[in-house]
Undergrad: 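Got a structure for you, written out below as structure tokens; questions coming shortly.
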Amino acid sequence: MRAVPVFLILIVMATSLSGQRVPPGRSSRNQSNTMNAEMSIKQAAQQLGAEKKAFERDIEVLRHLRAADEAMTDPMQPTTSVQKAYEEVGAAKALVTDFLVKQGVVRMDEELERA
């Protein structure tokens, strides 16, 4: 009769011990996921840097074109305004930008020649 309670206690202890999980160590899958995440972050940071440089370059082109526009509307120096505008458009052309921005600079140059 005494064997039954001891057996029940052993069963309860065995089931409670088997229910506890041993914390897993770092598996290779976790390490590869970590490396993939790090590479993705590095690529995103590089892409963000490249886009930021492109935006800054485009803003610099716009500054030159605005200066050319302001030079054309300067009533105090009408003789040098065209020359100043040509210089600003030339400076904008010298900056290496993408096709659409370059096309806008060429259009501005054509409008300046018509004036």
Side-chain angles (χ1 to χ4, degrees):
M1 207 49 172
R2 194 168 197 207
V4 173
V6 172
F7 181 70
L8 287 175
I9 291 173
L10 287 176
I11 289 177
V12 169
M13 288 177 57
T15 55
S16 66
L17 289 176
S18 66
Q20 295 177 355
R21 281 187 41 195
V22 176
R26 283 187 70 122
S27 68
S28 63
R29 185 173 60 178
N30 286 342
Q31 289 176 346
S32 66
N33 286 344
T34 302
M35 291 179 67
N36 287 340
E38 288 176 1
M39 290 299 294
S40 297
I41 291 170
K42 285 180 184 178
Q43 287 175 352
Q46 289 173 349
Q47 189 176 16
L48 179 66
E51 286 183 11
K52 183 179 178 183
K53 286 179 185 177
F55 286 138
E56 288 173 355
R57 203 172 36 240
D58 292 347
I59 289 171
E60 189 64 29
V61 168
L62 284 174
R63 283 188 189 128
H64 285 294
L65 295 180
R66 284 182 182 162
D69 189 42
E70 289 173 4
M72 289 298 292
T73 59
D74 187 14
M76 300 301 274
Q77 300 174 346
T79 57
T80 61
S81 63
V82 175
Q83 181 62 30
K84 172 88 170 137
Y86 270 122
E87 290 173 3
E88 291 293 337
V89 171
K93 275 185 181 179
L95 297 172
V96 179
T97 58
D98 65 343
F99 178 72
L100 292 175
V101 175
K102 195 69 108 169
Q103 189 177 14
V105 172
V106 168
R107 188 177 306 153
M108 177 91 171
D109 190 33
E110 290 171 355
E111 290 295 323
L112 193 60
E113 288 176 2
R114 289 184 196 149

Undergrad: If you apply the rule salt bridge (charged side-chain N to carboxylate O under 4.0 Å, His left out), what do you find for Glu70 with Arg66, and how did you get there?
TA: CA-CA 6 Å; Glu70 289 173 4; Arg66 284 182 182 162; over 6 Å; no
Undergrad: I need the Lys53 NZ to Arg57 CZ distance, nearest 0.5 Å.
TA: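 Rounded to the nearest 0.5 Å, the NZ-CZ separation comes out at 9.0 Å.
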Undergrad: I'd like to check the side chain to side chain contact (heavy atoms under 4.5 Å, CB included) partners of Glu60; sequence neighbours left out, ordered by chain and number.
TA: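 In terms of side chain to side chain contact (heavy atoms under 4.5 Å, CB included), with neighbours along the sequence ignored, Glu60 is linked to Arg63, His64, Leu95.
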Undergrad: Can you name the nearest heavy-atom pair linking Leu65 to Ala92, along with the distance?
TA: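 Smallest heavy-atom distance, with atoms named: CD2-CB, 4.1 Å.
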Undergrad: Could you measure the distance from the CD atom of Gln47 to the CD atom of Glu51? Nearest 0.5 Å is fine.
TA: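 If we round to the nearest 0.5 Å, Gln47:CD and Glu51:CD are 5.0 Å apart.
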Undergrad: Among residues two or more places apart or on two chains, list those pairs meeting side-chain hydrogen bond (donor to acceptor under 3.5 Å, both in side chains) that have a residue in residues 100-111.
TA: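 For residues 100-111: Lys93-Asp109, Glu111-Arg114.
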Undergrad: Shortest non-hydrogen contact from Ser81 to Ala71?
TA: CB-O, 2.8 Å
Undergrad: Would you compute the distance between atom CE of Met108 and atom CD of Glu88 and round it to the nearest 0.5 angstrom?
TA: 9.5 Å
